[in-house]
Amino acid sequence: MGRQGCSLPTAAHATSVCRRGREKPLVSLPKFPICPPNPSHHGAAAAASLAAVTAATPAGGGMVRLVPRPPLARLRSPPPPAFPLPLLPAPSLAATLLDAISASPSFPHLRHLHALIVRLPLPPTSLTFLLSRLLRRLAAVPLPQLPPLSYALNVFSSVSPPDPFLAAALLRFAFLTAAQSRFLLLLPFRVFSRLRRDHGAGLPFLPYAFSTLAKSAAASKSLPAAAAAHAVSVLVGGFDRHRFVENSLIGAYVACGDVGAARKVFDEMVVKDVISWTSIVVAYSRSGDMGSAEEVFGRCPVKDMVAWTAMVTGYAQNAMPVKALQVFDRMTALGMVIDEVSLTGAISACAQLGVVRRAAWVQEIAERNGFGNNIVVGSGLVDMFSKCGFIDEARTVFDGMQEKNVYTYSSMIAGLASHGRASEAIDLFKEMVNRANVEPNHVTFIGVLTACSHAGMVGEGRYYFAQMKDKYGIMPSADHYACMVDLLGRAGLVDEALDLVRSMTLKPHGGVWGALLGACRIHGKGEIAKVVAEHLFKLEPEAIGNYVLLSNILASAGKWDDVSKVRKLMRKQRLKKDPAVSLFEGRDGLVHQFFAGDNAHPRTQEIKKALLKLVAKLKLEGYVPILNSIVYDVNDDEKERLLMGHSEKLALSFGLLTLGSGSTIRIIKNLRICDDCHLFIRLVSRVESVEIVVRDNMRFHHFKNGECSCGGFW
DNA sequence: TAGATACCGT
């Protein structure tokens, strides 16, 4: 129990279950406070580090022309000012100008204000304060009108002697504009170098200047830049014991993936605050080392909402959803407020678990607090409902979202694909690129290709695979190849799929070979399977599924000698197959768990009796058990007996007993549904007039009127 | 100066 880390949850993820007579609700619904929605190490070394970083920065199309010009010379027919001309005493004048800066909608307005400010008789502190605010506002002007760096340098040069406060504001301007244009992310380093060259020791720097350099290093994920920011902050700034700067440096090292360097700065800090602690926790969450994250979090003396949230999202990102929800519950029990970010972590955990009641509770929190308008929360809800089996609810959330981005579309497309609604997924992709003008990325195409694969749409799949590269400039990754191999292989084009793998310039990973092995299973290609499996066993020696799959393929072909060889190999590797298990959530919210051949449920006699009756009824309708689905060398009677003990049949029988005709029965299974159970459930949906939704380890099957949404492609 | 979402095969 407690296995974590598969793409869809196993039964073990349920927080509590009904088994061996022990009944507990799946989840309790705690009460907690909700916050209101948000309103909206030496001189030469330092120089060398800095030179390395600035040299690594590509030349920037004239943006770094550091030739100051008098601001007035740039004035060209300014528009009429949208504010009253200041005829007030000096303090009020500064206040009026500040209001005017905040309210200025465009670069021309701000330019006009700049001209005005430098002409007015303002005290020096007011002047630098206003100009720094002006720089901040200038950096927020949307891209087409975004002022060039040369203009910001003019602002800086408006004041003499050079002012440290304005220098920090100038660096921040460089950072913000570079971030906005996603170009020249290391621009602040260039500006810093220039300021050093022009003013030398005549211009001291404030700590904020170095935190901006650290931020710029973090944004560019450049470890040399982080090291350079570190070096100059100590050697030029003398800030080797400044908490603010140290925290920024930790953040930069974390963003660049150097946990060791981050930890070194942290360990050497004399005074640590919650931000220092949280940064280290995050460093371990991101590197997948939740054990160390737990240890550091445990030692953190004062924990705030952000620190707690870092743990929730850390667990969620590392496929430990049960722990994520436990931490989320603890933080709410302690009276911490919940905001969009912490809720996003809980949503992700619910999506991984597929727990319906908990998901509904999370949505209620989101709606009650207006978080539903948040694009990240909304996208998360779409994903969550899809993974809980409620594709229509996912679509409702999606349609209700005012703003959608590539995550929102990709979640919805992948959701539709996993529910077998391929044409809807393709239509949505077309809407995304043609009407909404949202640029697809590599993840979007995984969803599109999966949709094609699950519906046998070979032509469409080939078309989008080509379009991805030719139209959108996205080079296919091994994952995209895995989708294509799956698509071709399922459709029976196993040889073509093998050719595609052999033509790859990228090294095929387990996903690619695994898809091919799956195709061999469907189409009974025992000989190819053996070759494919060899690649897989080398790449993933401990992935039990590969051995089981090969063994099953060989068993279906009656090659029992080969089967025993594979089983021997498994024993040698000390690998043991996961037992098959199905979960059924009753109307009362209790989760009932059934293992294959299980007699443990309190109502087992009733369940088996009902199942036998059901089998007899189906046989009258033409049902013939698919004995081939049993991969053991036993006689046909025994095969049929084993088939009738399959966990999803037990869960279905119990579902029918408790819910009855006309209802929707939802079953979660940890392994792939077998051919016989698939046929069986299809027939039950017709004969008993029920809808049955089964989530297997990869996707959803919606059974209705004798048909399944997967159309046989699973 | 710290915390956010989507994806392949078995």
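Letters A, B, ... mirror the listed sequences (proteins, then strands); counts begin at 1. For clarity, every value in this text was computed on a predicted model and none was experimentally measured.
- A sub-4.0 Å separation between OP1 or OP2 of dT10(B) and a side-chain N or O of R490(A) is present.
- Applying the 3.5 Å distance criterion, the base of dA4(B) shares a donor-acceptor pair with the side chain of T344(A).
- Evaluation of the salt bridge (charged side-chain N to carboxylate O under 4.0 Å, His left out) test over residues 538-547 of chain A, restricted to residues two or more places apart or in two chains, returns none.
- Screening residues 504-526 of chain A for salt bridge (charged side-chain N to carboxylate O under 4.0 Å, His left out) gives no qualifying pairs among residues at least two apart or on separate chains.
- One interatomic measurement links the two molecules: CG of N405(A) to P of dC7(B), which rounds to 14 Å at whole-angstrom precision.
- Note on residues 395-408 of chain A: pairs passing salt bridge (charged side-chain N to carboxylate O under 4.0 Å, His left out), not counting sequence neighbours, are R395(A)-D399(A), R395(A)-E424(A).
- Under 4.0 angstrom from either OP1 or OP2 of dG3(B) there lies at least one side-chain N or O belonging to R286(A).
- Of all the residues in residues 491-513 of chain A, H509(A), G510(A), G511(A) reach under 4.0 Å from DNA chain B with at least one non-hydrogen atom.
- Counting only residues at least two apart or on different chains, no ring-ring contact (aromatic ring centres under 6.0 Å, His included) pair has a member in residues 485-507 of chain A.
- Within the nucleic acid shown, L517(A) has no heavy atom closer than 4.0 Å to any nucleic acid atom.
- If you check distances only, the side chain of D339(A) does reach the base of dG3(B) with a donor-acceptor pair under 3.5 Å.
- Proximity note for R172(A) (side chain, C-beta onward) versus dA2(B), dT1(B), dG9(B): the nearest is dT1(B).
- Comparing dC8(B), dA2(B), dA4(B) by their closest approach to the side chain of S279(A) singles out dA2(B).
- Comparing dA6(B), dT1(B), dG9(B) against the side chain of M698(A) picks out dG9(B) as the nearest.
- Residues from residues 536-546 of chain A that place a heavy atom under 4.0 Å from any atom of DNA chain B, listed by number: L536(A), E540(A), G545(A), N546(A).
- Distances from the side chain of V306(A) to the nucleotides dT1(B), dA6(B), dA2(B) place dA2(B) closest.
- Between the CZ atom of R243(A) and the P atom of dA2(B) there is a distance of 14 Å, given to the nearest Å.
- Distance NZ (K404(A)) to P (dT5(B)): 21 Å, rounded to an integer number of Å.
- Applying the ring-ring contact (aromatic ring centres under 6.0 Å, His included) rule to H509(A) yields no partners; only residues at least two apart in sequence or on another chain are considered.
- In this structure, K387(A) reaches the dC7(B) phosphate: one of its side-chain N or O atoms is under 4.0 Å from OP1 or OP2.
- For the side-chain hydrogen bond (donor to acceptor under 3.5 Å, both in side chains) test, residues two or more places apart in sequence or in another chain that qualify with N405(A) are T408(A).
- If you check distances only, the side chain of D273(A) never reaches the base of dA2(B) with a donor-acceptor pair under 3.5 Å.
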Residues 205-212 of chain A side chain polar contacts: donor-acceptor under 3.5 Å, at least two apart:
{"from": "S211(A)", "atom 1": "OG", "to": "Y208(A)", "atom 2": "O", "distance (Å)": "2.9"}
{"from": "T212(A)", "atom 1": "OG1", "to": "Y208(A)", "atom 2": "O", "distance (Å)": "3.1"}

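- For DNA chain B, the residues of residues 442-454 of chain A within the heavy-atom distance limit of 4.0 Å (strictly under) are V443(A), I446(A), T450(A), H454(A), sorted by number.
- Annotation for S285(A) and G314(A): closest pair CB-CA, 3.6 Å, computed over non-hydrogen atoms.
- Sorted by first and then second residue, the salt bridge (charged side-chain N to carboxylate O under 4.0 Å, His left out) pairs with a member in residues 490-503 of chain A read R462(A)-E496(A), D486(A)-R490(A); sequence neighbours excluded.
- The pair E534(A)-K530(A) fails the salt-bridge criterion, with no side-chain N (NZ, NE, NH1 or NH2) lying under 4.0 Å from an Asp/Glu carboxylate O.
- Taking 4.0 angstrom as the limit, R699(A) places a side-chain polar atom (N or O) nearer than this to OP1 or OP2 of dG9(B).
- The phosphate of dT5(B) (OP1 or OP2) has a side-chain N or O of Q317(A) nearer than 4.0 angstrom.
- Considering only the side chain of K215(A), dT1(B) comes nearest among dG3(B), dA4(B), dT1(B).
- Judged purely by distance below 3.5 Å, without hydrogens or angles, the side chains of S386(A) and D383(A) never pair a donor atom with an acceptor atom.
- For T396(A), the side-chain hydrogen bond (donor to acceptor under 3.5 Å, both in side chains) criterion is met by no residue, not counting sequence neighbours.
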